[in-house]
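One structure is given below, encoded as structure tokens.
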Amino acid sequence: MAEISVNIVGSEPVLMPMASRVGDAVRQLLSGKQQRKTIAALANGEAVDLHRELTEDTELTPIQTDSELGLEILRHSTSHIMAQAVRDLFGTDVKVAIGPAIENGFYYDFYREEPFSPEDFEKIEERMAQISSDGLPFTRKTMDRQEAITHFAALGEKYKVELLEELEDEQVSLYQQGDFIDLCRGPHLPDTSWVKDFKLLRVAGAYWRGDEHKDVLQRIYGTVFFDEKSLKKYLNNLEELKKRDHRKLGRELQLFTSRDLIGPGLILWQPKGAQLRRLIEDYWKDEHYKHGYELLYTPHIARQDLWQTSGHLDFYSENMYAPMEIDEVKYQLKPMNCPFHIGIFKTDKRSYREFPIRWAELGTVYRYERAGALHGLMRVRGFTQDDAHIFCREDQLEEEIFHILNLNLHILATFGFSEYDIYLSTRPEKSVGSDDIWEKSTAALKQALEKKGLGYEIDPGEGVFYGPKIDIKIKDQLGRSWQCSTIQVDFNLPQRFDMTYTGTDNSEHRPIMIHRALMGSLERFVGILIEHYAGAFPLWFSPVQARILNITDDQLEYCEKIYNQLRKAGIRVEKDLRNEKLNYKIREAQMMKIPFMLIVGEKEKENGTLTVRLRDGKNLPPMKIVEFVEKVLSESAEGRGL
RNA sequence: GCUCACGUAGCUCAGGUGGUAGAGCGCAUCCUUGGUAAGGAUGAGGUCACCGGUUCAAAUCCGGUCGUGAGCUCCA
């Protein structure tokens with residue numbers, strides 16, 4: 001009998017009979033503990049099941065339960081089990097579409113007339129548990145593509161037929177567990193008994209193949225892990241996310257709201273939210289001034305002609321609010337600030353000596369976002385960009401980009417974001433500008449990134465049509481990524497607006513324009529901050545820094561005195577002098593996540609002090625009012641990076 | 001925009017099968033003046049998102065509109 005040589009990567013090969021299974025090799029080559037963790041393997045680089053027969057000399061890399069790939073296989077297999085359960089329960093009224101593993105779980109798309117209900121979820125989960133305890137093996141078979149089409153056509157599985165018709169391979173693989181057969185590339189778990197710690201999470205509509213002209217399917221999402229602990233951890237994490245949800249905290253902390261009467265995607269900033277925002281804006285303005293920017297203000301609407309010249313009407317009009325007519329002239333709300341800044345540029349004849357010109361504006365723009373895309377502060381229709389435009393010569397580009405990166409990362413770090421992923425997007429297929437300018441600008445962006453010592457990834461062809469760009473995605477406390485910053489070179493608008501400057505040679509040249517935003521949108525950035533800090537903001541931008549809590553009415557006068565003194569010193573302080581017990585007042589202040597609670601009773605009144613309770617429940621020893629002022633001011637300044 | 005779900009006092013929510021509404025928190029008044037996460041009593045708040053239909057009768061059933069949520073899609 002023929003033999004083949006099999007080894008686990010990094011160890012000695014052994015000879016095994018031809019057509020031994022991967023699982024046999026694993027049992028022979030791995031220790032008990034390693035064996036039990038192994039659910040599949042890479043055989044000469046191809047991911048295969050443990051049941052797969054080996055027909056040539058093979059190097060195996062085990063895929064184990066503690067790897068990403070292992071989880072992916074678990075999730076994929078679980079989606080099959082869910083499909084089987086759904087089919088068992090609802091019969092052929094249900095058509096199966098696709099069911100991949102995704103980040104943190106899996107889904108399966110079904111076509112069914114009736115919507116799935118929460119009660120259905122319970123039934124499906126019960127049935128899945130049954131399938132799991134049956135320990136059905138996942139078996140793979142290959143089939144001629146035409147044969148597979150006939151097979152699925154006979155079952156009325158039109159989505160599978162459609163998939164098969166588009167496949168290029170003449171042999172396709174099918175996986176079966178119990179009586180459920182699905183078209184699938186695999187690999188899968190050895191059997192269904194591995195799938196114990198799962199949960200179905202939600203159902204949502206999804207189009208067949210993501211195309212809104214095609215059938216609407218019901219997508220059931222779920223998650224699964226190899227052990228109960230990990231599942232619980234994940235579910236707890238979901239709970240934590242809910243607790244941090246900026247919409248919930250925004251309401252509780254009285255930061256912002258939106259009302260039906262105002263309109264969807266339009267935010268009302270309540271006093272505390274407005275205070276928070278003002279602190280962010282003031283800091284932003286100060287930093288920009290220090291870094292050589294000048295600040296601009298521009299209007300919210302402009303004549304339609306402006307948007308014609310800028311090209312927004314041609315490229316962006318579906319995102320713009322409809323025109324309004326004033327004195328027989330059409331005006332439109334601005335979706336971007338750039339044309340206004342160009343308008344200011346063109347008020348004078350510019351010289352190369354003025355460059356770089358750095359203009360910044362907290363400009364509020366309005367964009368039509370599809371109703372289904374709106375989400376709290378994260379996706380709105382009216383928002384304020386922390387926008388800036390830099391006009392410079394080509395030879396200044398790299399230095400300007402470097403300058404922007406410095407300011408950018410400095411500001412993000414001050415807000416507590418020091419982990420990020422950076423992407424450099426290069427020329428797309430449809431674009432304006434010469435090869436030469438694209439090359440030079442892309443090189444300038446790269447060099448600036450490298451000079452700053454920043455790692456980055458290249459997104460080939462993902463640049464905007466008018467120039468290359470750098471995007472920075474920050475990571476929050478929960479490890480989620482948010483794209484906030486963007487730095488974009490623009491060869492288009494300077495030309496459209498015929499912007500020029502006089503160079504050293506006394507002739508006219510075209511300036512380079514850079515658009516950039518650091519926080520992106522104030523609204524969204526505040527949303528991210530709320531979730532990042534779970535509403536417990538650092539002292540320097542806490543809308544309320546301290547709240548005075550008296551113990552009895554005997555300290556009312558003294559409390560007023562403290563309040564006035566702190567307020568004059570520039571401390572954001574509130575007083576809670578209601579006739580309530582201390583416990584009650586502490587609870588409320590705690591829930592408002594106020595950094596300092598100032599407790600004032602007879603002792604403090606007599607000594608001219610106050611007792612500070614911190615957000616974490618600890619107390620500081622009693623201190624004089626001036627000491628507290630000093631403490632808050634110095635800690636705030638430090639937090640603000642002063 | 002599409003699919004599904006939801007829309008009851010300022011907030012969080014109860015209100016089988018239709019008979020004009022309830023709780024807790026908050027708010028007001030009173031009692032209580034109490035040192036580190038909810039003291040007590042009384043009271044005021046709702047044309048049950050809006051419009052229309054079915055019915056003797058609708059928060060409850062049906063249709064539409066608006067809004068919210070989860071996804072899909074979109075996001076130079």
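Chain identifiers are assigned alphabetically (A, B, ...) following the order of the sequence lines, protein sequences preceding nucleic acid strands; residue numbering begins at 1 within each chain. Values in this document were obtained by computation on a predicted structure and should not be read as measured data.
- Nucleotides B:rG15 and B:rA9 place their C1' atoms 14 Å apart, quoted to the nearest Å.
- For the C1' atoms, the distance linking B:rC72 with B:rG16 amounts to 35 Å, nearest Å.
- Nearer to the 5' terminus of RNA chain B, by closest-nucleotide assignment, is the contact made by A:Val203 (compared with the other of A:Val203 and A:Arg379).
- Counting non-hydrogen atoms of other residues, nucleotides and ligands closer than 6.0 Å to CZ of A:Arg578 gives a total above 12.
- Here B:rC61 sits opposite B:rG53 as a Watson-Crick or G-U wobble pair (both hydrogen-bonding atom distances under 3.5 Å).
- Taking the P atoms as reference points, B:rC25 lies 15 Å from B:rG43, given to the whole Å.
- Taking the six-membered ring where tryptophan is involved, the planes of A:Phe110 and A:Tyr108 are essentially parallel, since the angle between them stays under 30° and well short of 60°.
- Side-chain contact of A:Asn550 with A:Lys585: a donor-acceptor pair under 3.5 Å is present, judged by distance alone.
- When the P atom of B:rC31 is taken as reference, atom CZ of A:Arg578 falls 18 Å away, rounded to whole Å.
- When heavy atoms are screened at a 4.0 angstrom cut-off, A:Arg247 is found touching the sugar-phosphate backbone but no base atom.
- Ring geometry, A:Tyr366 versus A:His300: the interplanar angle falls from 30° to 60°, so the pair is classed tilted.
- For the pair A:Arg370 CZ and B:rU3 P, the interatomic distance rounds to 12 Å; values are reported in whole Å.
- In this structure B:rU33 sits in no base pair that meets the Watson-Crick or G-U test at under 3.5 Å.
- Distances shown here put every side-chain N or O of A:Arg202 at or beyond 4.0 Å from the OP1 or OP2 atom of B:rA70.
- Rounded to the nearest Å, the gap between the P atom of B:rG18 and that of B:rU55 is 15 Å.
- In this structure, a donor-acceptor pair under 3.5 Å is present between the side chains of A:Gln488 and A:Tyr466.
- In this view, A:Leu268 and A:Thr257, A:Arg259, A:Ile262 satisfy the side chain to side chain contact (heavy atoms under 4.5 Å, CB included) rule, not counting sequence neighbours.
- The partner of B:rG18 cannot be assigned: no Watson-Crick or G-U wobble pair with both contacts below 3.5 Å exists in any strand.
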Can you name the atoms? Protein N/O to nucleotides 36-42 of chain B N/O, anything below 3.5 Å, with the distance.
| from | atom 1 | to | atom 2 | distance (Å) |
| --- | --- | --- | --- | --- |
| B:rU36 | O2' | A:Arg613 | NH1 | 3.1 |
| B:rU36 | O2 | A:Arg613 | NH1 | 3.1 |
| B:rU36 | N3 | A:Asn619 | OD1 | 3.1 |
| B:rU36 | N3 | A:Asn619 | ND2 | 3.1 |
| B:rA38 | N7 | A:Arg587 | NE | 3.1 |
| B:rA38 | N7 | A:Arg587 | NH1 | 3.4 |
| B:rA38 | N7 | A:Arg587 | NH2 | 3.2 |
| B:rA38 | N6 | A:Arg587 | NH1 | 3.4 |
| B:rA38 | N6 | A:Arg587 | NH2 | 2.4 |
| B:rA38 | N1 | A:Arg587 | NH1 | 3.0 |
| B:rA38 | N3 | A:Arg587 | NH1 | 3.3 |

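- Using a 90° window around 0 for the glycosidic torsion, B:rG46 falls outside it and is classed as anti.
- Both distances falling under 3.5 Å, in either a Watson-Crick or a G-U wobble arrangement, place B:rG71 opposite B:rC2.
- Here, B:rA49 and B:rA41 have their C1' atoms 35 Å apart, quoted to the whole Å.
- In this structure, NE2 of A:His375 is placed 18 Å from P of B:rG67, rounded to the nearest angstrom.
- For A:Thr552, the side-chain atoms get nearest to B:rG34 when compared with the rest of B:rC2, B:rG34, B:rA70.
- Ring orientation note: the planes of A:Phe596 and A:Phe628 are nearly perpendicular, at an angle over 60° on the 30°/60° scale.
- Within the nucleic acid shown, A:Lys603 comes within 4.0 Å of at least one base atom, counting heavy atoms only.
- Using Watson-Crick or G-U wobble geometry with both donor-acceptor distances under 3.5 Å, B:rU47 finds no partner in any strand shown.
- Taking atom CG of A:Leu238 as the reference point, atom C1' of B:rA70 lies 13 Å away to the nearest angstrom.
- Taking atom C1' on both nucleotides, B:rA14 is separated from B:rA59 by 13 Å, rounded to a whole Å.
- Within the 4.0 angstrom heavy-atom criterion, no nucleotide atom of any strand lies near A:Arg209.
- Note: A:Trp269 and A:Phe256 have tilted aromatic rings, judged against thresholds of 30 and 60 degrees for the angle between ring planes.
- To the nearest whole angstrom, the two P atoms, one in B:rU54 and one in B:rC62, are 15 Å apart.
- Rounded to a whole Å, the CD1 atom of A:Ile551 is 4 Å from the C1' atom of B:rG35.
- Backbone-only contact: A:Tyr368 has heavy atoms under 4.0 Å from sugar-phosphate atoms and none from a base.
- Ring centroid separation for the pair A:Phe465 and A:Phe315 comes in under the 6.0 Å cut-off.
- Among the heavy atoms of the strands lying under 4.0 Å from A:Tyr221 are primed sugar atoms or P, OP1, OP2 only; no base atom is included.
- Using a 30° and 60° split on the angle between ring planes, A:Trp438 and A:Phe491 fall in the perpendicular class, above 60°.
- Atom-to-atom, CG of A:Asp215 to P of B:rC72 comes out at 18 Å; the value is rounded to the nearest Å.
- Among the protein residues, A:Glu369 comes within range of no part of the nucleic acid, since none of its heavy atoms lies under 4.0 Å from any strand.
- A:Trp359 and A:Phe391 have perpendicular rings, their planes meeting at more than 60° on a 0 to 90° scale where under 30° would count as parallel.
- Atoms CE (A:Met378) and P (B:rA70) sit 11 Å apart, rounded to a whole Å.
- As judged by a 4.0 angstrom heavy-atom cut-off over every strand, A:His515 is placed among residues making no nucleic acid contact.
- Taking atom C1' on both B:rC27 and B:rU65, the two are 34 Å apart, rounded to the nearest angstrom.
- Side-chain atoms of A:Arg219 and base atoms of B:rC72 include no donor and acceptor less than 3.5 Å apart.
- Pairing partner, B:rU12: B:rA23, with both Watson-Crick or wobble hydrogen-bond distances short of 3.5 Å.
- Of all nucleotides present, only B:rU42 satisfies the Watson-Crick or G-U wobble test against B:rA28, with each distance under 3.5 Å.
- Side-chain proximity of A:Arg251 to B:rC2, B:rA70, B:rC11: nearest is B:rC11.
- Remark: P of B:rU33 and CG of A:Asp553 are 10 Å apart, rounded to the nearest angstrom.
- Shown here, B:rG7 forms a base pair with B:rC66; the pair counts as Watson-Crick or G-U wobble because both key distances fall under 3.5 Å.
- Take the nearest nucleotide of RNA chain B for A:Gln218 and for A:Glu602: the residue whose nucleotide is more 5' is A:Gln218.
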